[in-house]
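Letters A, B, ... mirror the listed sequences (proteins, then strands); counts begin at 1.
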Amino acid sequence: MNSSLLSTLNEGQRQSVLTTEGPLLIIAGAGSGKTKMITHRIAYLLESGVQEKEILALTFTNKAGNEMSERIRSLTGKPLKDLLTTTFHSFALRILKKHIHHLGFHHNFTIYDGQDCTAVFKEVLREKEYDIASFDIRALLAVHSEIKTSRIKSHPLYTPDIASLFETYEQHMKLYNALDFDDLIINTLKLFEEFPHVLEQVRSRFTHIMVDEFQDTSAMQYRLIHHLAQEHRNICIVGDDDQSIYSWRGANYQNIVQFETDFPERKEIFLDRNYRSSNTILSAANQLIVNNSDRKEKTLWTDSDNGETIITLESEDGEDEARTIIEQMRSVSFREQLGWSSFGILVRTNHLLPTLENAFMLEQIPVSVTGGQSFFERKEVKDLIAYMRVFVNLNDDIALLRIINTPRRKIGLATLSAVRHIKDALHISYWEAIAHILEHKEDYPSSRIKALQQFYDLIEEYQSLFFQGGRRKSKVLHSLLERIEYRSFLLCEYPGNENGALWRYSSMETFLKLFSRWENDPENYENNIYEYLQRLMLQMREQQDKEKGEERVSLMTMHSAKGLEFDTVFLAGVEDHIIPHRRTIEENEKALEEERRLFYVAITRAKKRLYISYAKQRKVGSDYMTTSPSRFLEEISADLFSFPTEEEQMSTDEHLERLSSLAAFLESKEA
DNA sequence: GCATGATTGATTTTT
DNA sequence: TCAATCATGC
């Protein structure tokens, strides 16, 4: 590395880069130049003679991993084909593909996402003749996840009855040759702990390990890297306990404490200088986060000017909020000559996204939405993926259930329950049960046989075409779509909305284009269709590459904004019961602290301007609910705020008072 | 009896 | 916006 590159780093960053041997703990506050430090550190490792393939850099999302290797590539000017920057789950996938046969799975396993797992559990309930509606399936799956990853030992919801249901659930998963996200980590750990030669093989390859976003790793993920690093001890973890926002998913920032115990000889570096935000924004963030009790004490500082005050926007309801934000954004964009990509809008929950997105579309402002429903989660795209999944694994019951009557082919509830009956009795998959029925035609009405036979033949025919298709599988899928007349099916499904149906069809075509691009990329010639599907399942929710060239406003959840920054940030829906979310208010102080960290993350995304917006009422289902501004706003001193009208300077208290008197007035008017 | 169409209800955050 | 439940038509 030439010295001019090193000289762009501050002292903490430089120490982080130069400390290449032995354990290293870096606490990197928001906006402290963390990514720059990490990329420089890896470039420096390479320059010091460490081989590409000996470095393992674990990131939080696949996208972050790709960006990181891209940046290191441009820093070093090398292709870096063997440098592994990846997520824990993708890393686990690589190991399982090679070694999972030790655990009784086939290497072509299917990965199930949350939706698939819900469907599996519903199948179990159905099989055992429970009333599905009386179960809170999401909650039960969450508890089961906590149990099986040893985060808890017991739970009031996890009665012996429920536990036995989940035993059946796991049996089904095995029958389907399917793994959920937890299984990826659990099974890799199992391999490491029960098959020493597997661990040895992986351990000897990676001599230098880095973990980014360490505050959001789970205890099991930590064990994974602990196994890899405990011998050579060249492990560098980078995190910020104040930005831990995934504890509900098993993230455990106590891992930092565990690391300190496991690696007592570690060096520690604090990056506490913030380069991102104005002094005003940083002060607000600092004032907010000191209210958390459970944290490493630290205060970020900056050389920046105060800059502009934080502006609060008050609207009547969600739609009015969208209009207000657009109005403000237009005026800032015009005044400061900023392109649309300088703006980010962050919300707490996914369902706040569509209202905003629609308003932007109406105003013809280009917007790119992350989170919420991703492209790959669109119903019709999932249908097409389900066909692929069935071709690849006929025992994938969940995918088969999805397409068995899509498009409609007269296999309804009654026919399905006949199949189910056979399946449950013989402990086989749906596909095998259908085959069984077709071998005993005489026991069933001919109409039923006809529908099932047509489906069976269709799948068999296209499955063999699919595998004969070589690298032209996308063509086979295209002809499948024509054969099953998916287009006219969509037109029937959305009567009177021809454009909507065609739009949906076009997203299938887009998917096919993406898939065909993958097939024809020489880089993937070694990868087979199984790997494509496995990777796809891990990347479903991630933002696909935006078309270059066009400036877009970014619209996303606060969670997916982690690691990003914008010149101007709008926080929308900053109301009590949204942030902090009502579920967390009911829970406990710890949950509330996580909400506060989330709000902290949101605030610290802003460089120059921060707008905080709330509405007086919000639509819940079909009617409106009166709301009040987030309690977190009271933790930030009023002199950092101003209001767009600026007719009068109000403190937050006065503002709240005015709000409630207005609400009372409106109520009396309605009465 | 069975598939399909219409209505209703409810939604934290994601690898 | 999506899925589960209830009503309708073949």
Heavy-atom contacts, protein to nucleotides 1-7 of chain C, under 4.0 Å, summarised as B (base), S (sugar-phosphate only) or - (none) per nt, yield -S-SS--
Which letters describe nucleotides 7-13 of chain B, given B = protein heavy atom under 4.0 Å from base, S = only from sugar-phosphate, - = neither?
-----BB
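Residues passing the salt bridge (charged side-chain N to carboxylate O under 4.0 Å, His left out) test with A:E321 are A:R618, sequence neighbours excluded. In this structure A:N350 satisfies the side-chain hydrogen bond (donor to acceptor under 3.5 Å, both in side chains) test with no other residue, sequence neighbours excluded. With sequence neighbours excluded, the residues that form a side-chain hydrogen bond (donor to acceptor under 3.5 Å, both in side chains) with A:N62 are A:S90, A:E542. A search for side-chain hydrogen bond (donor to acceptor under 3.5 Å, both in side chains) contacts involving A:T557 returns A:S560, not counting sequence neighbours. Every residue two or more places apart in sequence or in another chain that forms a ring pair (Phe, Tyr, Trp, His ring centres under 6.0 Å) with A:H226 is listed here: A:Y222, A:F263. Residues satisfying the side-chain hydrogen bond (donor to acceptor under 3.5 Å, both in side chains) criterion with A:D242, sequence neighbours excluded, are A:R295, A:K298.
Identified under the salt bridge (charged side-chain N to carboxylate O under 4.0 Å, His left out) test for residues 130-152 of chain A, with sequence neighbours left out: A:K148-A:E170, A:K148-A:D180, A:K148-A:D183. Within the structure, the side chain to side chain donor-acceptor pair (under 3.5 Å) test picks out the following pairs touching residues 591-600 of chain A (sequence neighbours left out): A:S247-A:E594, A:N292-A:R596, A:S293-A:E593, A:R348-A:E595, A:E594-A:R597, A:R596-A:E635. For residues 113-127 of chain A, the set of pairs meeting the side chain to side chain donor-acceptor pair (under 3.5 Å) definition, not counting sequence neighbours, comprises A:D113-A:K382, A:Q115-A:K382, A:D116-A:R389, A:E123-A:R126, A:E123-A:Y430, A:E127-A:H172.
Note: A:F376 and A:F511 have perpendicular aromatic rings, judged against thresholds of 30 and 60 degrees for the angle between ring planes.
Contacts of A:D113 with the nucleic acid, taken as non-hydrogen atoms under 4.0 Å apart, are absent. Residue contacts shown for A:R597 are absent, as no nucleic acid heavy atom lies under 4.0 Å away.
Base pairing in DNA chain B yields stems of at least 3 consecutive Watson-Crick or G-U pairs, both distances under 3.5 Å, namely B:1-10 with C:1-10.
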